Amino acid sequence: MDDLFSHHLEESYIVQSTLEHRQKYAQFFTPYRIAQFMAAWVLGGDREVQSILDPAVGLGVFIRAVREHLETSKISPEIFLKISQINIKGYDLDPQILSIAQRELNNLDQSPNVQLNIQLLGKDYLFHDWEYKYDAIIGNPPYFRFQDFPNRHLALQELSDRLGIKLSGFTNIYALFLLKSIHQLKENGRCAYIIPSEFLNANYGKVVKQYLLDHGYLRYIIIFNFQENIFDRAITTSSIFLFSHHRQNSTVEFINITSIEDLDNLLQKINIYPSQQEIFTHKHLKAGIKWRSYYQETHTDKYQNLVNFSTYGKVSRGIATGANDYFLFSSKKIRELQIPPQYFLTIVGRASQVASSIFTQQDFEQLAINNKSVFILNAQDLENPQIKEYILWGERQGIHQKYLTSHRRPWYAIERRLPAPIWVSVFSRGGLKFIKNEAGVRNLTTFHCVYLNALGLANIDLLFAYLLTDVAKNIFADQRREYGGGLEKFEPNDLNHSKVINLEVISPSATIEILSYYQKYRNSLEDSQQNSEVLDRLNSIFIDILK
């Protein structure tokens, strides 16, 4: 019995099930300590809770936490006298996990205070149950990349028809669960969700945030600011969202915590809700901006002499082939297939192929000598018999039926991208990495392309010297998207909306000094010794200009 009031059931399931199965159903399990905290919220407030919904029940961790809370908490006798039974409904699409959950929940002793009537349904929550409202909703919805989200278009249309909102195709499934649950919350009801925080700072999240603000139920956002992942094998940050459907106040508090143990202190805060909460009102929160500024220190506001990045250029994603193994070639593969060189372009496809901040022609040639896949097929015609045979072989392998290739005409035509003078990393730890592309080769999506306009090209060394500095990376970081384990991601528009130094305010003497240090830095790279002292000096110069 005690094992049910812990994470043991989930740990056992992870050992006995396959990773493939868990990935198919996007199963990431909430630690029991967090489930206890969330149960305390949805059952709190001296309310009559007679109906509870778990839209993604899994192994029933929230139901188990609810059962434990009913026995151990100090719910007033007056409330218990009014409640003889709580109806709990749980949804899940995985019949295997639902069978285990049903068996284990049947082993739960009934609370001496309240009878639990538990109903588990093997249905898709997004397409069912719209007609019901609940006193409490608690959940950890599935987390899919939007590309892997089955029935994505049907689900988006369902939400649009039911709620009257137009959601981006990039919207993750967990956001759809959240919106539907808000819709199903009874007056005076409470909701607790643990979900990734990425939508708070993503473009697709604007509509989601606006919906939350329009309804006015959001009360707390608790952000986990620690390096380890809450969920095993999930590269995503986590947050707990707490909602209350009443009109006693309209404030939202953002809370950063550094360990699960911090939840013990937060219990005191939520137990006295709605007292002592006066952080942000809903009318002051803006859905159109990244919400990071509400709960983390930002760097942009510290400095002056900043302009939009668009002053000097634009960031676009790299080339997406849809089948890298097919489209990328090494020198050896080209020789073996005897395809003429005019059918190839030079390219970099992996971050590991770029060792420093400046990528030279010599660097590229060394990759080619080492037989790395640094050539991309550019089959603009089928006149050559070898290239024609390779295209036909690709069709026999089904390459033309993959998602990206099936949307191209012809399917083997790669995207048209000119070589970008500067690349920037998509994922990073410890700040953005900019690379000056002196070799003039193209890049895949492991890097974004920085295309400079005339003003940017005229000042490329001065601008790049700035992009190498910590102060530049810190200012860009205000637009980042955070994932678990300290991983950060930047989409092209995150960078396009960022600020950079106004090069026009740099004096001629400072320009000469900056370019001199930049040349020293570049020379140090040629000697395979990155000069950190030079970077420190550049950083100091730019900080003085920005203040």
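Source: prediction; values computed, not measured.
Atom CD of E187 is surrounded by 12 or fewer heavy atoms from other residues, nucleotides or ligands within 6.0 Å. Taking a 6.0 Å sphere around NZ of K24, one finds it holds 12 or fewer heavy atoms contributed by other residues, nucleotides or ligands. Enclosure of atom CZ in F127 by more than 12 non-hydrogen atoms of other residues, nucleotides or ligands within 6.0 angstrom is indicated. By the neighbour-count criterion of 12 heavy atoms within 6.0 Å, atom NZ of K186 is densely surrounded, having more than that number from other residues, nucleotides or ligands. Taking a 6.0 Å sphere around CG of N106, one finds it holds more than 12 heavy atoms contributed by other residues, nucleotides or ligands. For CZ of R317, the number of neighbouring non-hydrogen atoms (other residues, nucleotides, ligands) closer than 6.0 Å is greater than 12.
A salt bridge is defined here as a Lys NZ or Arg NE, NH1 or NH2 lying under 4.0 Å from an Asp or Glu carboxylate O, and E158 with R162 meets this definition. In this structure, E491 pairs ionically with K489, as a charged nitrogen and a carboxylate oxygen lie closer than 4.0 Å. Electrostatic pairing of K123 and D92 does not count as a salt bridge here, judged by no charged N lying under 4.0 Å from a carboxylate O. Using a 4.0 Å cut-off between charged nitrogen and carboxylate oxygen, E253 and K269 count as a salt-bridge pair. A salt bridge links R64 and E10; the closest N-O separation between the charged side-chain nitrogens and carboxylate oxygens is under 4.0 Å.
The side chain to side chain contact (heavy atoms under 4.5 Å, CB included) test with N256 singles out one residue from I223, I221, I222, and that residue is I223.
When atom types are taken as modelled, the side chain of R408 and the backbone of A413 share a donor-acceptor pair closer than 3.5 angstrom. A donor-acceptor pair under 3.5 Å is absent between the side-chain atoms of W291 and the main chain of N201, judged by distance alone. Counting only distance, with no hydrogens or angles, the side chain of Q268 and the backbone of D264 share no donor-acceptor pair below 3.5 Å. The main-chain N or O of R33 is never found under 3.5 Å from a side-chain atom of H7 such that the two would form a donor-acceptor pair. Side-chain atoms of R22 come within 3.5 Å of backbone N or O of S17 as a donor-acceptor pair.
Looking at H448 and N443, their side chains never bring a donor and an acceptor atom within 3.5 Å of each other. Side-chain N/O atoms of S51 and D135 include a donor and acceptor closer than 3.5 Å. In the model, N87 has a side-chain atom that pairs as donor or acceptor with a side-chain atom of Q85 under 3.5 Å. Between the side chains of Q210 and K206, no donor-acceptor pair is found at a separation under 3.5 Å.
The aromatic ring centroids of Y326 and W411 lie less than 6.0 Å from each other. Annotation: F447 is not in aromatic contact with F427 [ring centroid separation under 6.0 Å not met]. Separation of the Y294 and F254 ring centroids falls under the 6.0 Å cut-off. Checked against a 6.0 Å centroid threshold, the rings of Y273 and H246 count as neighbours. Taking the ring centroids of Y174 and Y193, they lie at or beyond the 6.0 Å cut-off.
Nearest heavy atoms, V252 versus L218: CG2-O, 3.3 Å. Across T281 and H284, no two heavy atoms sit closer than the pair OG1-ND1, 2.8 Å. Contact record, T298 with D478: CA-OD1, 3.4 Å, taken as the closest heavy-atom pair. Of all the heavy atoms in G60 and L105, the pair that sits closest is O-CD2, 4.2 Å. Nearest heavy atom pair, residue V61 against residue T30, reads CG2-O, 4.0 Å. Annotation for L213 and A287: closest pair CD1-N, 4.0 Å, computed over non-hydrogen atoms.
Taking the six-membered ring where the residue is Trp, Y217 and H215 present perpendicular rings, their angle passing 60° and hence far from 30°. The aromatic rings of Y143 and F28 sit perpendicular, their planes meeting at an angle over 60°, well past the 30° parallel limit.
Note that CG of L418 is 9.5 Å distant from SG of C449, once rounded to the nearest 0.5 Å. Annotation: the span from L156 atom CG to L126 atom CG amounts to 9.5 Å, rounded to 0.5 Å.
Partners of R292 according to the salt bridge (Lys or Arg N to Asp or Glu O under 4.0 Å) rule, which considers only residues two or more places apart in sequence or in another chain, do not exist here.
Between I240 and F224, the closest side-chain pair of non-hydrogen atoms falls below 4.5 Å. Side-chain contact check for F490 versus V424: every heavy-atom pair is 4.5 Å or farther apart.
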Between F177 and Y125, does a ring pair (Phe, Tyr, Trp, His ring centres under 6.0 Å) hold up when you go through it step by step? CA-CA 8 Å; F177 271 66; Y125 167 68; 5.3 Å; yes
Apply side-chain hydrogen bond (donor to acceptor under 3.5 Å, both in side chains) to Y91 and D129, showing your working. CA-CA 10 Å; Y91 284 86; D129 207 59; 2.9 Å; yes
Mind running side-chain hydrogen bond (donor to acceptor under 3.5 Å, both in side chains) on N496 and K314 for me, showing each step along the way? CA-CA 6 Å; N496 287 326; K314 181 180 179 181; over 6 Å; no
Quick one: do Q16 and S12 satisfy side-chain hydrogen bond (donor to acceptor under 3.5 Å, both in side chains)? Show the steps, please. CA-CA 6 Å; Q16 296 175 18; S12 176; 3.0 Å; yes
Stepwise side-chain hydrogen bond (donor to acceptor under 3.5 Å, both in side chains) check, H497 with N308: CA-CA 7 Å; H497 294 154; N308 294 328; over 6 Å; no
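For R190 and Y220, the positive end is not near the middle of the six-membered ring at less than 6.0 Å and at most 45° from its axis. By the 6.0 Å and 45° rule, K89 does not stack over the aromatic ring of Y134.
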